[in-house]
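Okay, structure first, notes after.
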Amino acid sequence: MQKPSVAPGLTSGALAESAGVNVETLRFYERKGLLPTPPRRASGYREYPTEDVQRIRFIKRAQELGFSLVEIKELLALRVRPGATPADVKTRAEEKLADIRRKIASLKAMEKALKKLNETCSGHGPMAECPILHHLEGDL
């Protein structure tokens with residue numbers, strides 16, 4: 001009787017291509033503890049489990065939503081933590097949403113201030129009379 005075949009793992013290049021990243025990104029994720037260091041084949045090549053494709057896609061999508069690598073590591077840990085619930089994940093997402101809203105408010109305030117500064121400057125005349133530079137040099 002023949003042994004059931006086990007799906008072979010992926011090389012670094014194959015994993016990177018399947019997940020839509022480059023090989024250096026894999027190494028970076030390993031160094032940051034987001035991706036477990038894979039075992040090596042007899043040839044010395046790393047052999048990643050096929051489920052790491054999904055893990056890397058998870059990391060990339062979480063980054064696109066603004067989660068930091070530390071926060072992503074926490075989300076990955078929640079997936080396997082006994083007793084963790086979807087409410088725990090939702091709490092992290094709500095915290096990130098609040099953080100993003102604070103950043104948007106800060107960016108809007110910066111935009112308003114810079115717009116006002118730009119309106120005070122004609123773009124002509126001597127540099128010593130530039131209102132933008134005067135403002136930036138002013139006391140806080």
Side-chain angles (χ1 to χ4, degrees):
M1 183 173 213
Q2 208 174 4
K3 286 184 178 180
S5 62
V6 176
L10 301 169
T11 63
S12 299
L15 175 61
E17 185 178 338
S18 295
V21 298
N22 63 50
V23 174
E24 285 308 309
T25 300
L26 301 180
R27 303 285 186 273
F28 178 74
Y29 289 165
E30 286 176 27
R31 285 192 304 273
K32 295 297 182 182
L34 295 166
L35 188 63
T37 303
R40 294 188 180 265
R41 296 177 178 173
S43 63
Y45 289 105
R46 296 166 189 251
E47 185 171 26
Y48 293 88
T50 55
E51 55 268 10
D52 278 353
V53 172
Q54 183 179 3
R55 184 180 191 97
I56 293 165
R57 289 179 180 160
F58 178 98
I59 295 166
K60 294 305 293 178
R61 287 182 184 131
Q63 284 180 306
E64 289 168 1
L65 291 172
F67 287 97
S68 70
L69 295 180
V70 170
E71 293 165 332
I72 294 168
K73 194 172 182 180
E74 292 170 359
L75 288 171
L76 288 166
L78 279 175
R79 294 176 79 188
V80 296
R81 183 177 301 147
T85 68
D88 298 321
V89 177
K90 182 176 176 147
T91 297
R92 301 300 195 298
E94 287 171 340
E95 290 168 355
K96 179 49 64 184
L97 184 58
D99 182 46
I100 289 169
R101 286 178 174 151
R102 280 190 296 276
K103 288 178 183 177
I104 289 170
S106 176
L107 286 169
K108 284 182 178 181
M110 285 187 271
E111 177 188 35
K112 183 178 177 182
L114 194 53
K115 181 180 177 192
K116 186 175 178 181
L117 269 178
N118 276 331
E119 289 169 354
T120 67
C121 182
S122 68
H124 303 291
M127 195 61 110
E129 295 176 15
C130 177
I132 296 173
L133 292 178
H134 282 283
H135 177 80
L136 294 175
E137 292 169 347
D139 294 328
L140 295 176

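- To the nearest 0.5 angstrom, S122 atom OG is 9.5 Å from E129 atom CD.
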Side chain to side chain contact (heavy atoms under 4.5 Å, CB included) assessment of E95 paired with T91: CA-CA 6 Å; E95 290 168 355; T91 297; 3.5 Å; yes
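- Taking CD1 from I59 and CG from D52, the interatomic distance works out to 8.5 Å, rounded to the nearest 0.5 Å.
- Interatomic distance, I72 CD1 to R55 CZ, rounded to the nearest 0.5 Å: 11.0 Å.
- Summarising the local packing, CZ of R101 is surrounded by 12 or fewer heavy atoms from other residues, nucleotides or ligands at distances under 6.0 Å.
- Not a single donor-acceptor pair under 3.5 Å links the side chain of E47 to the backbone N or O of R41.
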Side chain to side chain contact (heavy atoms under 4.5 Å, CB included) assessment of R92 paired with L75: CA-CA 8 Å; R92 301 300 195 298; L75 288 171; 4.0 Å; yes
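- The nearest pair of heavy atoms linking A16 to V23 is CB-N, 3.8 Å.
- Without hydrogens or angle criteria, H134 side chain to A128 main chain gives a donor-acceptor distance under 3.5 Å.
- Comment: K103 engages D99 in a salt bridge, judged by a side-chain N to carboxylate O separation of less than 4.0 angstrom.
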Tabulate below the donor-acceptor pairs under 3.5 Å that side-chain atoms of residues 26-35 make, not counting sequence neighbours, or state none.
| unit_1 | atom_1 | unit_2 | atom_2 | d |
| --- | --- | --- | --- | --- |
| R27 | NH1 | S12 | OG | 3.3 |
| R27 | NH1 | Y48 | OH | 3.3 |
| R27 | NH2 | S12 | OG | 3.4 |
| Y29 | OH | Q63 | OE1 | 3.0 |
| E30 | OE1 | R46 | NH1 | 2.5 |
| E30 | OE2 | R46 | NH1 | 3.4 |
| E30 | OE2 | Y48 | OH | 2.3 |

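- Side-chain heavy atoms closer than 4.5 Å link hydrophobic residues (I, L, V, M, F, W, Y) into clusters, and following such links, possibly through other members, connects L78 to L65.
- From I132, atom CD1 reaches atom CG of L114 across 7.0 Å, with rounding to the nearest 0.5 Å.
- Using modelled atom types, no side-chain atom of S18 and backbone atom of L15 make a donor-acceptor pair closer than 3.5 Å.
- Contact record, T120 with P131: O-CG, 3.2 Å, taken as the closest heavy-atom pair.
- In this structure, a donor-acceptor pair under 3.5 Å is present between the side chains of N22 and T25.
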Derivation of the side chain to side chain contact (heavy atoms under 4.5 Å, CB included) call for E94 and L97: CA-CA 5 Å; E94 287 171 340; L97 184 58; 5.5 Å; no
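- More than 12 heavy atoms of other residues, nucleotides or ligands shown are found within 6.0 angstrom of CZ on R57.
- There is a path of hydrophobic side-chain contacts, each under 4.5 Å, that joins F58 to V89.
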List the steps, then state whether side chain to side chain contact (heavy atoms under 4.5 Å, CB included) holds for L10 with E17. CA-CA 10 Å; L10 301 169; E17 185 178 338; over 6 Å; no
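- At least one donor-acceptor pair closer than 3.5 Å links the side chain of E71 to the backbone N or O of S68.
- Environment of NZ in K73: sparse, with no more than 12 heavy atoms of neighbouring residues, nucleotides or ligands closer than 6.0 Å.
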